[in-house]
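Comments concern the structure below.
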Protein chains: 4
Amino acid sequence: MSIEFDTNIPIYIQIMTIIKKRIITGEMVAGDKVPSVRELATELKTNPNTIQRTFQELEREGIVETKRGLGRYVTSEEAIIMNIKKEMANDLLNTFIEGMRGLGFNNNEIVDIVDNTIKEKVEEQQEDVR
Amino acid sequence: MSIEFDTNIPIYIQIMTIIKKRIITGEMVAGDKVPSVRELATELKTNPNTIQRTFQELEREGIVETKRGLGRYVTSEEAIIMNIKKEMANDLLNTFIEGMRGLGFNNNEIVDIVDNTIKEKVEEQQEDVR
Amino acid sequence: MSIEFDTNIPIYIQIMTIIKKRIITGEMVAGDKVPSVRELATELKTNPNTIQRTFQELEREGIVETKRGLGRYVTSEEAIIMNIKKEMANDLLNTFIEGMRGLGFNNNEIVDIVDNTIKEKVEEQQEDVR
Amino acid sequence: MSIEFDTNIPIYIQIMTIIKKRIITGEMVAGDKVPSVRELATELKTNPNTIQRTFQELEREGIVETKRGLGRYVTSEEAIIMNIKKEMANDLLNTFIEGMRGLGFNNNEIVDIVDNTIKEKVEEQQEDVR
DNA sequence: GTGGTCTAGACCACG
DNA sequence: GTGGTCTAGACCACC
């Protein structure tokens with residue numbers, strides 16, 4: 001895998017969301033072993049310390065668990081996993097709505113804008129398909 | 001005015017949006033003189049360097065213009081001002097939609113979620129009012 | 001027996017105290033044969049290397065003795081066994097008292113705190129029983 | 001200041017408690033600026049990264065706050081500071097009591113032991129003074 | 001000057 | 001082989 005990271009966001013954060021997405025999409029499930037620090041470091045061409053930091057944070061969020069000498073595992077508490085998607089969506093939503101409010105849009109306008117934009121995007125995609 | 005800034009976002013960015021909002025809301029209009037660096041620095045209790053940086057960026061975006069010896073002014077090109085709101089909204093929208101896509105939501109789901117969330121928020125506000 | 005170990009303390013240390021407690025409580029007495037490495041490893045579902053390490057340390061402390069070809073035995077020197085409890089208690093006590101001193105508590109305060117806490121705990125237990 | 005660290009406990013943890021103690025003893029109070037990363041690193045002869053880690057953790061516990069470009073400060077929320085001593089004492093106490101229970105001591109015995117030990121220590125100190 | 005992040009590489013304890 | 005910690009040194013954004 002070759003990824004280029006956004007230079008404005010800490011790499012360890014970007015890797016965190018990569019892993020979270022892998023879990024959300026079911027690519028990784030509860031109890032799965034996650035790649036070792038060194039493995040991921042090589043795969044993503046980053047420094048092991050950066051990956052270490054990634055997992056340290058994921059652990060603090062309860063998403064992975066460490067078993068000494070054995071490796072790290074996706075938490076077996078399904079509840080936590082279930083929540084990841086919900087939380088991430090919520091974060092996006094709030095930043096968006098608060099931002100729009102700050103620009104002076106009211107509720108109806110916000111819904112309208114989203115509605116229209118999405119529709120446009122659908123058409124774009126259909127054009128792509130044709 | 002006494003504001004506490006979000007520690008995780010550069011202050012100069014936060015001040016930039018403050019000024020942009022003043023323009024969007026009509027509080028400041030094309031051709032207006034903007035406060036001097038020192039003035040704003042005192043008003044917002046920040047370091048003058050920070051304000052300097054703010055204007056430097058606003059200038060890069062064409063939103064303010066410097067007239068040597070006279071001060072800084074909101075650009076007189078109406079077109080640019082008209083675009084600020086649109087651009088800011090667009091940025092928010094794109095981050096949001098791309099983020100949701102990344103989480104595996106499809107178009108219909110996104111619209112639904114926004115719709116429901118907004119409705120909930122409306123109710124919350126009404127409760128606050130009662 | 002199925003135990004889950006505290007992830008932050010080396011498993012071999014945790015097993016050491018398990019064995020020491022068995023001796024303190026009289027479950028195992030001087031001269032008793034201790035389980036073999038493989039046996040204990042299966043019983044506690046750990047890696048044999050870990051058990052090996054456990055015994056290595058217990059041997060260093062003079063608590064078990066190895067008889068080549070025969071197995072390991074709780075030391076027959078009663079004096080050592082007698083001391084285990086005393087030493088373990090002493091260690092706990094010292095860490096505690098030194099810690100409290102470091103926090104600025106004086107002798108009277110320390111005794112008071114212990115006294116009160118214990119009393120509270122007694123009440124809690126009584127509530128549990130009711 | 002020249003300190004030798006306990007090799008079995010992460011240095012960043014040891015420095016954390018040093019700072020907490022400085023706060024508990026009133027040596028540092030709410031709102032005080034804490035030494036910069038580089039400063040402390042030189043003073044304690046450790047690597048700046050280690051100090052960085054220390055503050056990162058203290059920040060997560062709400063004990064210090066970071067102001068970008070200005071430095072770090074002891075939190076101004078008095079409540080948090082008030083709690084540090086209580087929490088640290090509680091931790092010590094619990095480890096102690098649980099440990100003693102594990103060794104088979106009952107409540108009365110624990111209180112007695114503490115009582116006697118403390119008295120002994122008092123005498124020792126008096127001897128030192130004479 | 002301050003903190004935040006990253007790379008590079010090392011050592012250790014653990015299983 | 002695995003993670004945890006530490007040192008060394010660098011670059012950057014921010015104030």
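Below, chains carry the letters A, B, ... as their sequence lines are ordered, and counting in each starts from 1.
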Legend entry - Side chain of C:Thr50 - closest among F:dT2, E:dG15, F:dC6: E:dG15

Legend entry - Side chain proximity check, B:Leu103 to A:Leu92, heavy atoms < 4.5 angstrom: yes

Legend entry - Given A:Glu59, A:Glu65, A:Glu39, the one that forms salt bridge (charged side-chain N to carboxylate O under 4.0 Å, His left out) with A:Arg72: A:Glu59

Legend entry - Integer-rounded Å distance: F:dA13 P and A:Asp6 CG: 13 Å

Legend entry - Side chain C:Thr50, main chain C:Thr46, donor-acceptor under 3.5 Å: no

Inset, instruction - Would you kindly give the CD-to-P distance between D:Glu57 and F:dT5, to the nearest whole Å? - result: 9 Å

Legend entry - Heavy-atom side-chain proximity of A:Ile80 to A:Asn83 below 4.5 angstrom: no

Legend entry - Pair B:Arg101 + B:Glu98: basic N to acidic O under 4.0 Å: no

Legend entry - Closest nucleotide among F:dC14, F:dG4, E:dC6 to the A:Arg72 side chain: F:dG4

Inset, instruction - Classify the side chain of D:Asn47 versus the base of F:dG9 as yes if they form a donor-acceptor pair under 3.5 Å and no if they do not. - result: no

Inset, instruction - Using a heavy-atom cut-off of under 4.0 Å over every strand shown, decide if D:Gln52 touches base, sugar-phosphate, or nothing. - result: base

Legend entry - Protein-nucleotide distance (A:Tyr12, atom OH; E:dT7, atom P), rounded to Å: 13 Å

Legend entry - Carboxylate-amine/guanidinium contact A:Lys20 A:Glu61, below 4.0 Å: yes

Inset, instruction - For C:Ile13 and for A:Gln14, find the nucleotide of DNA chain E with the closest heavy atom, then tell me which residue's nucleotide is more 5'. - result: A:Gln14

Inset, instruction - Give a yes/no on whether any side-chain N or O of A:Arg68 is located under 4.0 angstrom from OP1 or OP2 of F:dG4. - result: no

Inset, instruction - Answer yes or no: side-chain N or O of A:Asn8 and base N or O of F:dC12 forming a donor-acceptor pair under 3.5 Å. - result: no

Legend entry - Sugar-phosphate only, base, or nothing, as touched by D:Phe55 at under 4.0 Å among non-hydrogen atoms: nothing

Legend entry - D:Ser36 side-chain N/O to E:dT2 phosphate OP1/OP2 under 4.0 Å: yes

Legend entry - Length of the CD-C1' vector between A:Glu59 and F:dT2, whole Å: 13 Å

Inset, instruction - Return yes if the base of E:dG15 and the side-chain atoms of C:Arg53 contain a donor-acceptor N/O pair under 3.5 Å, otherwise no. - result: no

Inset, instruction - Choose from F:dC15, E:dT7, E:dG3 the nucleotide whose nearest atom is closest to any side-chain atom of B:Ile11. - result: F:dC15

Legend entry - Atom-pair distance (CG on A:Leu40; P on F:dG3), nearest Å: 10 Å

Inset, instruction - Please state whether the base of F:dG3 and the side chain of A:Arg38 form at least one donor-acceptor pair under 3.5 Å? - result: yes

Legend entry - Separation of atom CG in A:Asn49 from atom C1' in E:dG4, rounded to whole Å: 14 Å

Inset, instruction - Please report, rounded to the nearest Å, how far the C1' atom of F:dG3 is from the NZ atom of A:Lys33. - result: 10 Å

Legend entry - Nearest-Å distance for atom pair CD/P, residues D:Glu39 and E:dG1: 11 Å

Inset, instruction - Sort out the partner of E:dT2 for me: Watson-Crick or G-U wobble, both distances under 3.5 Å, none otherwise. - result: F:dA13

